[in-house]
Amino acid sequence: MLDKTYDAAAVEPRIATLWDEAGAFRAGAGAREGAEPFTIVIPPPNVTGSLHMGHALNNTLQDVLVRFQRMRGRDVLWQPGTDHAGIATQMVVERQLAERQEPDRRAMGRDAFVERVWTWKAESGGTIQNQLYRLGASCDWSRERFTMDEGLSAAVLEVFVALHREGLIYRDKRLVNWDPRFLTAISDLEVQQVEVKGKLWHFRYPLEGGATYQAPIAFDEETGEPTEFETRDYIVVATTRPETMLGDTAVAVHPEDPRYKDLIGKHVVLPLVGRRIEIVGDDYADPDTGSGAVKITPAHDFNDFEVGRRHDLAMINILDEEARLFLEGNDAFLAGVGDDENFADVMALNGIDRFKAREAIVALMEARGLLAEIENHVHMVPHGDRSGVVIEPFLTDQWYVDAKTLAKPAIEAVKRGDTAFVPGNWERVYFEWMENIQPWCVSRQLWWGHQIPAWYGPDGAVFVVKSEADAVKAAETQFGKPANVVSKTEAVATWEGGAGNTVALYRDEDVLDTWFSSALWPFSTLGWPDKTPELARYYPTSVLVTGFDIIFFWVARMMMMGLHFTDQAPFHTVYIHALVRDEKGAKMSKSKGNVIDPIDLIDQFGADALRFTLAAMAAQGRDIKLAPARVQGYRNFATKLWNAARFAEMNGCKQSTAFDPANVTGTLAQWIVVETGRTAAAVTEGIESYRFNDAAGAVYSFTWHTFCDWYLELAKPVLQGEDGPAKAELQAVTAWVIDQIVKLLHPFMPFLTEELWARTAEEAGLSRESVLALTPWPELAVSDNPAAREINWLVDLISQIRSVRSETNVPAGAQIPVVLVGASETERGYVATHEAAIKRLARVETIEEADNAPDKSAQVILGDVTVCLPLAGVVDLDAERARLQKELDKLAADIKKIDAKLNNPSFVEKAPDEVVEEQRERREEAEGRRNKVTEALGRL
RNA sequence: GGGCGUGUAGCUCAGCGGGAGAGCGUUCCGUUCACACCGGAAAGGUCACAGGUUCAAUCCCUGUCACGCCCACCA
């Protein structure tokens, strides 16, 4: 006997164990003979992570697809694993060291630190897998991978070396986004533009040798032409970053700018440092912005860098890696300095932070009378997405991937339709980004990650090979003498010491961007570069399920790498789902304190309820605002089904393998069988087309409203009545329908349904062929429903009587008589068949027939039949009059609307015949009804 | 500055060219023996606004307003 309520907390762990023991999620489990593979690779969560709502949604949707396909007999692999998450993980461990007052990373040294991270991973890295497991994610856990495990690391080496050999990875000295807190380069994508209220300082840069020009100072209001000029011996430039002026190596003006074009080629003397810098003509300078002249600092601004390249300007870096002024011992800076009264003041700023330097420089300029103006200025300032500090464009040597070349096939694959985005509008976003893609900076100055397989030797030699041994071999071949690998400092010292008997090499100290290994995930997890059977079988994958926030970071890069190394797009479909927000639509974040922990919800309502909620709300193209009340509602749904099963059990409804739904004879049975088939079709269609909300909604409303509210209620008199063939049939049908519901619901609510699958079989003394997770999906014939007319009439009758009772204030408990007027043979038959059900559900005492409606009765119009409740004194006749009048008004309005259409010649002429016909029928029906209601009202 | 998306019942959301829907909430009724995590009944909406296309528009087009989000180098 089932308990009165379903106890998710008790059942879920037990069911999870059951699946494990059955090996239900192993690749290929339950696959039919000759089945096509169905593969999903999980978006690997960070090892440092714990499950948030986004993961819960993401993995619920994947699990729905995977469980569905597994039941349909496909050869399913859901590949799980985690990502090593370079910066994030390194931060976590460094923080732990600090908390425990242990020596920091630098004090420990690289090897010890990396060892420490592995220890951390072993102890704490399993959190998220456990949480996914609790969610019911049916991954093949036996195949779990980690982006830094041996196999995946081999794939990374293979790819890096190959791309380098092909010239698609190269080392370059250019500006990068430098994070002065983490002391590493980051990619464009890791930079967040943040709006900042700053200032725009206008500086005067004096012209060299007393040169002058005519600067317009007044303009005609209409034409905008200058009307007044003054003679100036300086140029005004504006900047949001005054401290960078120390690195200025030019002033740019537009080549056609009449104000300045004669100055091109002349020089200004950079105040404070005395450097002579050229005035160059460059299109980059916009005559309409500010003064039309712009200071150029090639080493600290991406645009200026380009200008610098065009004009062969010096690149003077004036910051150190922590973004402090770097002046003393800075040869490039000191090389150009001249005689300036403030030079000593500037040098005194050496080593101070960039923001302090900014104030100091402004103060010095102001003191010199060279500060022309200060404007308030709102602009976008780049910040590190993880560190939160202002990013510094910084001149360094880094490794780059030639993304532009790799992007071409990736764009083509989507254009050709080899890979389709769902919803399709994301393709636009993908194209937009891919078509404007920049070189991808893949080196990071961190310790945790895949160390770059490059070894440096003397004279600029670089060996990019898969191992140290290969590097040594290559160096020996090139230099003709023994080589050995030493530390960077040692190697450099050896090279400076001149030629020796051996060649010293050192390995690049940097690691790769985490997304580099993630980009290989769809094939590296399957064993690539080895030609494994799994790779042959499960690649390319069927669908990638992910949020739009990582289309660029991840999806695009997997497309590029997948196509380059396997010649196949890594996924057939990319399903992009929405973000989960809080009830009010705000993004969940720790700082806002509005984070809902999925595990809390699972504890409270069960994993099934959470999963169902997420699936039911996952309509395409809209963010999910998650209200915990919703989860509670779906928990109630789980209980509802549980109780329906309990009711069935109490009434001897036993599952049987012998039952064939095609052979049922009773109308109620026929009706529910067909409705079940329709529901199965709707759920199947919903999941196949990624309309999870439709699929979830279809099982929900069928189970609750069709099956529980009507079928079971109508079946009760029979099920609880005399034994006989009719009862036996309904018992069998009921058990069968529950089985179908349980199957259809399984992708959404796997725990509850698996439990019911076992318990109902136990009760019926039936031995199931397999766990529900591996049981074939319902494939039911969908046909017209011959019983629908009868059942719909019945439902209508009962609903109407209930409504009238309620509106005319008949006491709920009162058993009342009913008189039918004008019933046809068919309708009499309906009443006869379902008399017990009608009496029970509408609280009716007797059902009689008459030629005319009794006096003072409430009346319900049901087609040609008038159903009378002749209860003077019980029925509130005023209420009844009001009710009928209200219905009459509504009918009149309907008819008026329909007439408006039918009286419009264009409508009759141009609308499709069936539409016109439909309107005619509707009018006729409404008219007939109006007459009946009018009569009824008259009788009162 | 470009692009995308969203404005439908009190709230959260479906629907999307021909009869306005769900869940939650609200109101009223109910100890009917599966379920009060329940049952029954009801109230509640010029489908943001303005034009246009169409026989017909919540749905398609254009514009406006509001709110999100993404991308972008304007000193």
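Small disclaimer: the values here were computed from a predicted structure and weren't measured. Naming convention: chains lettered A, B, ... in sequence-line order (proteins, then strands); numbering from 1 in each chain.
- Nucleotides B:rA14 and B:rA72 place their C1' atoms 36 Å apart, quoted to the nearest Å.
- Comparing the C1' positions of B:rA22 and B:rA9 gives an interatomic distance of 11 Å, to the nearest angstrom.
- Look at CD1 on A:Ile798: it is 11 Å from P on B:rA41, rounded to the nearest Å.
- Between A:Ile437 atom CD1 and B:rA72 atom C1' there is a gap of 16 Å when expressed in whole angstrom units.
- Under the rule for a side chain to side chain donor-acceptor pair (under 3.5 Å), A:Asp913 has no partner lying at least two apart in sequence or in another chain.
- For the pair A:Asp286 CG and B:rC73 C1', the computed distance is 12 Å after rounding to whole Å.
- Scored by the side-chain contact (heavy atoms from CB on, under 4.5 Å) test, A:Pro905 finds no partners at all (sequence neighbours excluded).
- Each of A:Lys896, A:Lys897, A:Lys890 was checked for a salt bridge (charged side-chain N to carboxylate O under 4.0 Å, His left out) with A:Asp894, and the lone residue meeting it is A:Lys890.
- Put simply, A:Arg922 has no side-chain N or O that comes within less than 4.0 Å of OP1 or OP2 on B:rG18.
- The residue A:Thr239 sits close only to the backbone: its heavy atoms come under 4.0 Å of sugar-phosphate atoms, none of a base.
- In this structure, the side chain to side chain donor-acceptor pair (under 3.5 Å) partners of A:Asp889, at least two apart in sequence or on a different chain, are A:Gln885.
- One C1' atom belongs to B:rU53, the other to B:rG15, and the distance between them is 22 Å to the nearest Å.
- Between B:rC4 and B:rA20, the distance separating the two C1' atoms is 28 Å to the nearest Å.
- Of the P atoms belonging to B:rG25 and B:rA36, the separation is 16 Å, rounded to the nearest Å.
- Pairs of Watson-Crick or G-U wobble type, with distances under 3.5 Å, assemble into runs of 3 or more in RNA chain B at these ranges: B:1-7 with B:65-71, B:10-13 with B:21-24, B:26-30 with B:38-42, B:48-52 with B:60-64.
- In this structure, CH2 of A:Trp426 is placed 8 Å from C1' of B:rC70, rounded to the nearest angstrom.
- Comparing the P positions of B:rA43 and B:rG3 gives an interatomic distance of 47 Å, to the nearest angstrom.
- Rounded to whole Å, the distance from CD on A:Gln192 to P on B:rC71 is 7 Å.
- At the heavy-atom level, A:Glu807 lies under 4.0 Å from the strands shown only through sugar-phosphate atoms.
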Exercise for the section: Evaluate side-chain hydrogen bond (donor to acceptor under 3.5 Å, both in side chains) for A:His254 paired with A:Asp282, printing each intermediate quantity in order. Expected result: CA-CA 5 Å; A:His254 194 275; A:Asp282 193 288; over 6 Å; no
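- For the C1' atoms, the distance from B:rU8 to B:rG30 is 33 Å, rounded to whole Å.
- For A:Tyr205, the side chain to side chain donor-acceptor pair (under 3.5 Å) partners at least two apart in sequence or on another chain are A:Asp248.
- Within 4.0 Å of A:Ala285, counting heavy atoms only, lies at least one base atom of the nucleic acid.
- Taking every side-chain heavy atom of A:Gln919 into account, B:rG18 is the closest of B:rG23, B:rG5, B:rG18.
- The salt bridge (charged side-chain N to carboxylate O under 4.0 Å, His left out) search around A:Arg204 returns none, not counting sequence neighbours.
- Residues that satisfy the side-chain contact (heavy atoms from CB on, under 4.5 Å) test with A:Gln919, not counting sequence neighbours, are A:Ile898, A:Lys901, A:Leu902, A:Phe907, A:Arg922.
- Within 4.0 Å (heavy atoms only), A:Thr240 reaches sugar-phosphate atoms of the nucleic acid but no base atom.
- By the salt bridge (charged side-chain N to carboxylate O under 4.0 Å, His left out) test, A:Glu835 is found to be paired with A:Lys839, residues two or more places apart in sequence or in another chain being considered.
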Exercise for the section: Going 5' to 3' through nucleotides 28-40 of chain B, assign each nucleotide B (protein heavy atom under 4.0 Å from a base atom), S (under 4.0 Å only from sugar-phosphate atoms) or - (no protein heavy atom that close). Expected result: -SS-B-BBSBSSS
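- Looking at heavy-atom distances under 4.0 Å, A:His202 makes no contact with the nucleic acid at all.
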Using nucleotides 55-62 of chain B, report all nitrogen or oxygen pairs with the protein that are shorter than 3.5 Å.
from: B:rC55; atom 1: OP1; to: A:Lys910; atom 2: NZ; distance (Å): 2.5
from: B:rC55; atom 1: O2'; to: A:Asn904; atom 2: ND2; distance (Å): 2.8

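- Within the structure, a side-chain polar atom (N or O) of A:Lys886 is placed less than 4.0 Å from OP1 or OP2 of B:rA43.
- The residues A:Glu243 and A:Arg358 are annotated as salt-bridged, a charged nitrogen and a carboxylate oxygen being separated by less than 4.0 angstrom.
- Distances were taken from every side-chain heavy atom of A:Phe552 (C-beta onward) to each of B:rC70, B:rG15, B:rG23; the shortest belongs to B:rC70.
- Projected onto RNA chain B by closest heavy-atom contact, A:Ala293 and A:Val429 fall at different nucleotides, the more 5' of which corresponds to A:Val429.
- Using a cut-off of 4.0 Å between Lys/Arg side-chain N and Asp/Glu carboxylate O, A:Glu432 and A:Arg428 are scored as not salt-bridged.
- Taking atom CG of residue A:Asn177 and atom C1' of nucleotide B:rA72, one finds them 14 Å apart after rounding to whole Å.
- Not counting sequence neighbours, the partners of A:Glu373 by the side-chain contact (heavy atoms from CB on, under 4.5 Å) test are A:His202, A:Glu375.
- Among residues two or more places apart in sequence or in another chain, the side chain to side chain donor-acceptor pair (under 3.5 Å) test is passed with A:His300 by A:Asn317.
- As rounded to the nearest Å, B:rG44 and B:rU27 have C1' atoms that lie 11 Å from one another.
- The interatomic distance linking A:Lys896 (NZ) with B:rG19 (P) rounds to 17 Å, in whole Å.
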